[in-house]
Amino acid sequence: MKVDVVESNGPAILLRARGRINAATADLFEAYVLTASGGGDREVIIDGSDVTYLSSAGLRAFLRVWRELNEKSRNLHICSLKPYIREVFNIIGFDKLIPIHADIAAALEDIQGREGSSG
């Protein structure tokens, strides 16, 4: 499992997760995402296009990241999930909490739409 900062300018911080997020890597994933997303008020997008496996520990890590950001009035967005991983998010209802987008462009469009409607 690896998480890279892809873009840190603009309305959101874009992170790309790679590999398996499971019991062995979930805590590292969570810590890295929270550290890489830093302070401030920008929203966080996780590009999940290279996530190949997600266990229940990985799901808990996503939930904890969402809660932590939510407590700071920041939003977590997830995009580009493989269909079988997106299905898991939908089945357990995470798609009701965390916006899940088809791709990075759709996530950015949603964020920019929210910024426009709040100003």
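Count residues from 1 along the sequence. No experiment lies behind these values; they were computed from the predicted model shown.
At distances below 3.5 Å, not a single donor-acceptor pair connects side-chain atoms of Arg42 with backbone N or O atoms of Ile13. In this structure, Thr25 contributes its side chain and Arg20 its backbone to a donor-acceptor pair below 3.5 Å. With hydrogens and angles ignored, the 3.5 Å screen pairs a side-chain donor or acceptor of Arg74 with a backbone N or O of Ser37. Under the 3.5 Å distance criterion, the side-chain polar atoms of Asp4 are left unmatched by any main-chain donor or acceptor of Val6.
Between the CG atom of Asn90 and the CG atom of Asp95 there is a distance of 4.0 Å, given to the nearest 0.5 Å. Between the CD1 atom of Ile45 and the CD atom of Glu7 there is a distance of 10.0 Å, given to the nearest 0.5 Å. A distance of 12.0 Å separates CG in Leu28 from NZ in Lys2, rounded to the nearest 0.5 Å. The line from CG of Leu54 to CG of Asn22 is 9.0 Å long, rounded to the nearest 0.5 Å. Taking CD of Glu43 as the start and CG of Asn75 as the end, the distance is 4.0 Å to the nearest 0.5 Å.
When every heavy atom of Arg86 is checked against every heavy atom of Ile100, the shortest pair comes out as NH2-O, 3.5 Å. Closest approach of Ala61 and Ala26 over heavy atoms only: CB-O, 3.6 Å. Pairing each heavy atom of Leu76 with each of Ile98, the nearest pair is O-CG2, 3.5 Å.
In this structure, Leu108 and Pro11 have side chains that are in contact, with non-hydrogen atoms separated by less than 4.5 Å. Considering only heavy atoms from C-beta on, Leu15 comes within 4.5 Å of Val33 through its side chain. In this structure the side chain of His77 reaches within 4.5 angstrom of the side chain of Asp110, judged on heavy atoms. Side-chain contact between Ile104 and Arg16: present, with at least one pair of heavy atoms (C-beta onward) separated by less than 4.5 Å. Val88 places none of its side-chain heavy atoms less than 4.5 Å from the side chain of Phe94. Taking the side chain as every heavy atom from C-beta outward, Leu59 and Leu63 never approach each other to under 4.5 Å.
Cluster annotation: Leu81 and Leu14 are assigned to distinct hydrophobic clusters (Ile/Leu/Val/Met/Phe/Trp/Tyr, side-chain heavy-atom contacts under 4.5 Å, transitive). At a threshold of 4.5 Å between side-chain heavy atoms, the hydrophobic network of Ile, Leu, Val, Met, Phe, Trp and Tyr places Ile111 and Trp66 in two separate groups.
For Asp27, the salt bridge (Lys or Arg N to Asp or Glu O under 4.0 Å) criterion is met by Arg64, not counting sequence neighbours. Remark: Glu109 engages no residue in a salt bridge (Lys or Arg N to Asp or Glu O under 4.0 Å) (not counting sequence neighbours).
Annotation: Lys82, atom NZ; neighbour count of heavy atoms from other residues, nucleotides and ligands within 6.0 Å is above 12.
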Derivation of the side chain to side chain contact (heavy atoms under 4.5 Å, CB included) call for Cys79 and Asp47:
CA-CA 5 Å; Cys79 68; Asp47 175 350; 4.1 Å; yes
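Residue pairs meeting the ring pair (Phe, Tyr, Trp, His ring centres under 6.0 Å) criterion with at least one member in residues 14-56, sequence neighbours excluded, are Phe29-Phe62.
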